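Below is one structure, written out as structure tokens, with a few remarks after it.
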2 protein chains.
Amino acid sequence: MATVNPSSGVARLRVAVPAVATRVASELRLQIAEGALLPGAKLKEEALSEELGVSRNTVREAFAELASERLVVRQPNRGVFVASLEANDIHDVYVVRRAIEISAVRGGGSAESIAAVRAAVEEGKRAAEAGDSEGLGSANAHFHGALVAMAGSERLNVIMSQVLAEMRLFFHKASIDGGFYQDYLADNDQICKALEAGDNDLAAERLLAYLARSEEHQTAVHTS
Amino acid sequence: MATVNPSSGVARLRVAVPAVATRVASELRLQIAEGALLPGAKLKEEALSEELGVSRNTVREAFAELASERLVVRQPNRGVFVASLEANDIHDVYVVRRAIEISAVRGGGSAESIAAVRAAVEEGKRAAEAGDSEGLGSANAHFHGALVAMAGSERLNVIMSQVLAEMRLFFHKASIDGGFYQDYLADNDQICKALEAGDNDLAAERLLAYLARSEEHQTAVHTS
DNA sequence: TCCGGCAAAAATGTTCAACAATTCAACAAT
DNA sequence: ATTGTTGAATTGTTGAACATTTTTGCCGGA
């Protein structure tokens, strides 16, 4: 396919032709995020191999990638299943979020990184006006991702993105309540305002309250 | 408490035979931690396959596992190499440590979890008296692992154990200075005392100071 | 000598086919 | 209803093969 002419002196821009395994993982990740693959669903190697037109070994490598992100769980000799979060897991995820997000907010960020937070807030407002509940959830994820990005840490960003991916596992179970998200929007705006004013401690305090309410909401929806 | 799964009533005691790929990953992890495989070293699939008596595909699965832990890095079509941390990475690791450890310490812990912290402090003292610098480093890792374990979060524990594994990558480069560790020992003791007294904020403050000094030390050793 | 390019060699990425080991489902027997 | 047994389905692992990419070593020319 990519028949690069050897004689051309063009700099080889390594346009990440994603390895097949990586692309399979992305495809599965997408289907999980969209809810096409529900928690608890079993992923059979042979079926996927056939469906996606790749070998079993490649599917296997993709599984390893997803397992490391906790999106699927591997049961030895039984197969891999889309992760299904118990109440305990939900609490655990919020423990991680508190650690990471609060730390990032307390540390503050550059003007650009705070601008990114503001952009996510506005994105949420637009989605709310358009009645796009899907977009609202997405904007909310962007907001919290932007908060962590303020720390400028690659590792923290990776951890946060995995946490957000995990949260999508129970997002489509938690039917979106418009009024609830309205509150979140206001919260996000207040947190952002505090950051813009340079009052990181106030922002952290507000974020902590938000996370507490959010956890409460999720566990309530999940245990009912 | 037990992971509720419809069909699994009892945990199988299959501890005897871990999957081959998992064992290969453990073996490599060990060799990296011990310094037998130095940062930057290339891991050739075929050589390892032959040496360990497993197939290339199995080695590949082990690589995927280690890559997810950042112990090795994969360069497409070039191979996998033992991770080599730049100054930037060192800072990044400490950002994560601050987020996680401080959060755990601020949240405090149960009596047992604090006892585990105390045990790690004593372990360090014994190693110091015995002049066992290897044991000193190990005890220090146990201490910080115990701090995070106070939060009782499985995910936080996993993240911390990976961070500690990453730190071993530059530990054997940072030649151990006995006097330096003596200071650390005293710090750990003070942090533990604060926890035992229930003064989590004081413990967090001391931990923060420790982390700042530790980061400074590591970067100094690494850039020289 | 040094340099660019080119062909051969080596290593990785991926596929395919096979087999052992384990789990699962159906069914028979007590 | 519980327990064994059998056979099918699935996973774990291997080995070999091939395409693609990178690396190496060589060669001729400035």
Side-chain angles (χ1 to χ4, degrees), chain A residues 1-28 37 40-68 71-83, chain B residues 3-28 37 40-68 71-83:
Chain A
M1 188 175 290
T3 34
V4 178
N5 195 340
S7 61
S8 79
V10 180
R12 295 169 296 188
L13 65 158
R14 193 160 315 195
V15 262
V17 169
V20 180
T22 306
R23 210 172 16 163
V24 170
S26 297
E27 172 64 21
L28 292 176
L37 292 172
K42 177 167 184 178
L43 302 179
K44 289 185 219 179
E45 296 183 355
E46 194 171 353
L48 281 175
S49 154
E50 201 169 315
E51 180 179 341
L52 300 175
V54 299
S55 83
R56 263 183 69 204
N57 287 353
T58 301
V59 172
R60 224 144 207 290
E61 287 203 27
F63 282 170
E65 196 171 326
L66 295 175
S68 81
L71 290 185
V72 303
V73 293
R74 247 184 147 138
Q75 299 192 5
N77 288 314
R78 288 189 19 90
V80 318
F81 304 81
V82 178
Chain B
T3 29
V4 182
N5 209 322
S7 57
S8 82
V10 181
R12 291 214 170 264
L13 58 155
R14 153 167 311 99
V15 197
V17 184
V20 179
T22 306
R23 210 173 15 166
V24 170
S26 298
E27 172 65 21
L28 293 176
L37 291 172
K42 176 167 186 179
L43 302 179
K44 290 186 216 174
E45 296 183 354
E46 194 171 350
L48 281 174
S49 154
E50 201 169 316
E51 180 179 340
L52 300 175
V54 299
S55 83
R56 261 184 71 206
N57 285 340
T58 300
V59 172
R60 219 145 213 288
E61 288 203 27
F63 282 170
E65 197 172 326
L66 296 175
S68 80
L71 290 185
V72 304
V73 293
R74 260 190 131 131
Q75 299 192 5
N77 289 317
R78 287 186 25 86
V80 318
F81 304 81
V82 178

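Convention: sequence-line order gives letters A, B, ...; per-chain numbering from 1. Values below: all heavy atoms of this structure, side chains included; hydrogens, waters and symmetry mates excluded. Remember, it's a predicted structure, so these values are computed and weren't measured experimentally.
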Completion exercise
Of the candidates dT11(D), dT21(D), dT14(C), the side chain of Lys44(A) sits closest to dT11(D)
Completion exercise
Every stem of 3 or more Watson-Crick or G-U pairs under 3.5 Å that DNA chain C joins, in order of first number, is C:1-30 with D:1-30
Handout entry: Partner set under side chain to side chain donor-acceptor pair (under 3.5 Å) for Arg74(B), not counting sequence neighbours
Key = none
Handout entry: Distance in angstrom units between Arg74(B) CZ and dT21(D) C1', rounded
Key = 15 Å
Practice task
Can you tell me the distance, in whole Å, between the CD atom of Glu45(A) and the P atom of dT15(C)?
Solution key: 14 Å
Completion exercise
Atom CD of Gln75(A) and atom C1' of dT22(C) are separated, to the nearest Å, by 13 Å
Completion exercise
Separation between OG1 (Thr58(B)) and CD (Glu45(B)), nearest 0.5 Å, reads 11.0 Å
Problem - CD/Glu27(B): more than 12 non-hydrogen atoms of other groups inside 6.0 Å - result: yes
Fill in the blank from the handout: When every non-hydrogen atom of Ser49(B) is compared with those of Ser55(B), the smallest separation belongs to OG-C, 3.8 Å
Practice task
May I have the distance from Arg56(A) (atom CZ) to dT11(D) (atom P), rounded to whole angstrom?
Solution key: 7 Å
Practice task
Rounded to the nearest angstrom, tell me the gap between atom CG in Leu48(B) and atom P in dA10(C).
Solution key: 18 Å
Practice task
For dT15(C), take OP1 and OP2 only and decide whether either is under 4.0 Å from a side-chain N or O of Thr58(A).
Solution key: yes
Completion exercise
Atom CG of Asn77(A) and atom P of dT22(C) are separated, to the nearest Å, by 7 Å
Handout entry: Rounded distance (Å) that lies between atom C1' of dG12(D) and atom CG of Asn57(A)
Key = 10 Å
Problem - Distance in angstrom units between Phe63(B) CZ and dA11(C) C1', rounded - result: 12 Å
Exercise for the section: Find which nucleotide of DNA chain D each of Lys42(B) and Ser55(B) is nearest to by heavy atoms, and output the residue with the more 5' nucleotide. Expected result: Ser55(B)
Exercise for the section: Supply the atom-to-atom distance Leu71(A) CG to Glu65(A) CD, rounded to the nearest 0.5 angstrom. Expected result: 10.0 Å
Problem - Nearest-0.5 Å distance that lies between atom CD in Gln75(A) and atom NZ in Lys42(A) - result: 9.0 Å
Problem - Side-chain heavy-atom pair Leu48(A), Val24(A) within 4.5 angstrom cut-off - result: no
